[in-house]
Amino acid sequence: MDEKYDAIILGTGVSECVLSALLSVDGKKVLHMDRNDYYGADAASLNLTQLWARFREGQEPPKDIGRDRDYAIDLIPKFMMANGELTKMLVHTDVTRYLEFKQIAASYVYRDGRIAKVPATEMEAVRSSLMGLFEKRRAKKFFEFIQNWRDEDPATHQGQDLDGTPMTKIYDYFGLEAGTRDFIGHAMALHQDDAYLQRPARETYDRILLYTSSMARYGKSPYIYPLYGLGELPQGFARLSAIYGGTYMLDKQVDEIVVDAETGKFSGVRCGDETVHADMVIGDPSYFRAGVGEKKTPLVRETAKVVRAICFLKHPIPNTDNADSVQLIIPQNQVGRKHDIYVACLSSAQNICANGLYVAQVSTIVESSTPELELKPGLDLLGPIYEKFLQISPLEEPINSGADDKIFITRSLDSQSHFESLVDDVRDVWRRATDGKPLDLKKRAEDEGAQVQA
Ligand SMILES: *[C@@H]1O[C@H](CO)[C@@H](O)[C@H](O)[C@H]1NC(C)=O
């Protein structure tokens, strides 16, 4: 370990592994370390032994739920938008060759005390219980407006201005009911709270287009998921990094982030009595909580907390047509909250648990001093729960840009149901760490997507 690296990367979360792959491909000498003996950091996919070690210390997993190797339980539940930025990044870097994806079978939304399928086809939309007849006509006009909008053609604007008008005014223009607004804003545009209503409509327009174009890709839902769990994503990027010379060290305790006392710049990482040197460090927030240098000032701050429950079920989520995988969104308005509750359910169809089991994850942003109670509306939809693992984790972000100290910190994986913000963060860290060099991904044919099973 006496050589000098261009960059040391700490933590093998998705963002960090994408960044180490990008740097390696760019010809940089990269050393990537993780304190855990598995990939994925906070977003790892754990087997039964690891899951019990984390949540049920000293206990053995029950014998009747299958073998260790049948399990890959995500610590942070997320799906990928079929047409989203992470999918594009996987395709452009060719990391898709290490992975296989499966469509999520259906998307549901909670409305007036029960759940309804988010229509996947015109036919389902016509039959949907989500809207009455007249509301369906109004919604149809709204969606035609979205689909037909062309920036350069004012005839398609109906007198509206996406950049100057708040979303709530666009809903008003089409006369949409409150429940329809909840459904469009939360189950399609995937906003987590209602602050978007007052922001310019463009953002929501973009999100609706992402949803509909992702939906159009494979047909059943806009979401795809890697077989064997989300932990496959960082590993795919790590393999790419390794091909370009990146070095990986798991199970490596980082004892100190060393900064030069004179310049205040990052100089190396100390593990035991060994220090490895590099020009910069990139890492997830957990490595920088304790602060660095003489003053030990923390380099990250907490913005919120997320509460998540991993629930083992012995049946599919009730009222979902026995779907093997489901995204279910409970818009905050429907249950008197400020943030939505997400339920993501997977099964052996995605090779993440033993046959006959279903793993539902319920999550939301903490708003009170009794976080577990906040999950109740979601937990109540699951039927009998066989095992439940509860975790509360901080959402953290860097305080500084890293320009002065060459310490570039990623953001925690957020509480959204998908990965779109992760790619924004990767682009941001890349820009900061490379003095504004644009991220230039090798471009492949436009219509080439990921390999996805029905
Ligand atoms: C499960 O995790 C443990 C602990 O990391 C590991 O030793 C074991 O090999 C894993 N089992 C399988 C089947 O992957």
Side-chain angles (χ1 to χ4, degrees), residues 9-17 20 31-78 95 97-102 225-242 246-255 269 271-272 283-287 308-314 324-325 344-361 385-393 412-413 453:
I9 312 221
L10 300 178
T12 51
V14 191
S15 315
E16 292 74 29
C17 287
S20 81
L31 174 65
H32 202 145
M33 299 193 243
D34 195 307
R35 63 169 80 86
N36 300 305
D37 62 358
Y38 49 80
Y39 283 91
D42 285 344
S45 305
L46 303 186
N47 69 28
L48 282 185
T49 304
Q50 294 166 324
L51 200 63
W52 255 257
R54 189 176 176 115
F55 293 102
R56 303 269 194 275
E57 230 190 309
Q59 292 178 38
E60 291 280 310
K63 295 277 176 271
D64 63 339
I65 55 169
R67 298 158 303 182
D68 231 4
R69 69 159 180 272
D70 296 332
Y71 285 81
I73 306 298
D74 299 329
L75 285 174
I76 298 188
K78 271 181 191 290
V95 168
R97 79 187 124 148
Y98 307 125
L99 307 165
E100 200 173 353
F101 293 90
K102 198 149 172 157
Y225 183 85
L227 291 183
Y228 303 101
L230 294 180
E232 294 294 302
L233 295 173
Q235 288 188 71
F237 285 104
R239 286 176 75 170
L240 176 64
S241 173
T247 306
Y248 275 75
M249 287 179 153
L250 298 183
D251 201 10
K252 195 79 193 163
Q253 201 54 48
V254 172
D255 294 308
V269 167
C271 307
D284 78 48
S286 69
Y287 289 87
R308 302 184 173 100
I310 301 171
C311 304
F312 283 13
L313 314 177
K314 294 200 164 176
D324 64 30
S325 51
C345 186
L346 297 167
S347 66
S348 57
Q350 292 75 37
N351 301 355
I352 61 101
C353 64
N355 237 327
L357 232 83
Y358 292 76
V359 179
Q361 299 226 22
I385 297 171
Y386 176 76
E387 277 285 351
K388 184 168 77 185
F389 309 92
L390 195 76
Q391 50 173 343
I392 296 168
S393 17
S412 313
L413 262 191
Q453 302 178 359

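Atoms within a ligand are numbered from 1 in the order they appear, just like the ligands themselves. Residue numbers count from 1 along this sequence.
- Here the shortest heavy-atom pairing between Val269 and Met33 reads CG1-CE, 3.8 Å.
- Looking only at protein heavy atoms, the nearest one to atom 13 (C) of ligand 1 is Arg69 CB, 3.5 Å.
- Not a single donor-acceptor pair under 3.5 Å links the side chain of Gln50 to the backbone N or O of Tyr38.
- For atom 5 (O) of ligand 1, the nearest protein heavy atom lies under 4.0 Å away.
- For Phe237 and Tyr98, the distance between ring centers is not under 6.0 angstrom.
- Side-chain atoms of Ser20 and Tyr248 include a donor-acceptor pair closer than 3.5 Å.
- Considering each of Asn36, Thr49, Asn47, the one bringing a non-hydrogen atom nearest atom 2 (O) of ligand 1 is Asn47.
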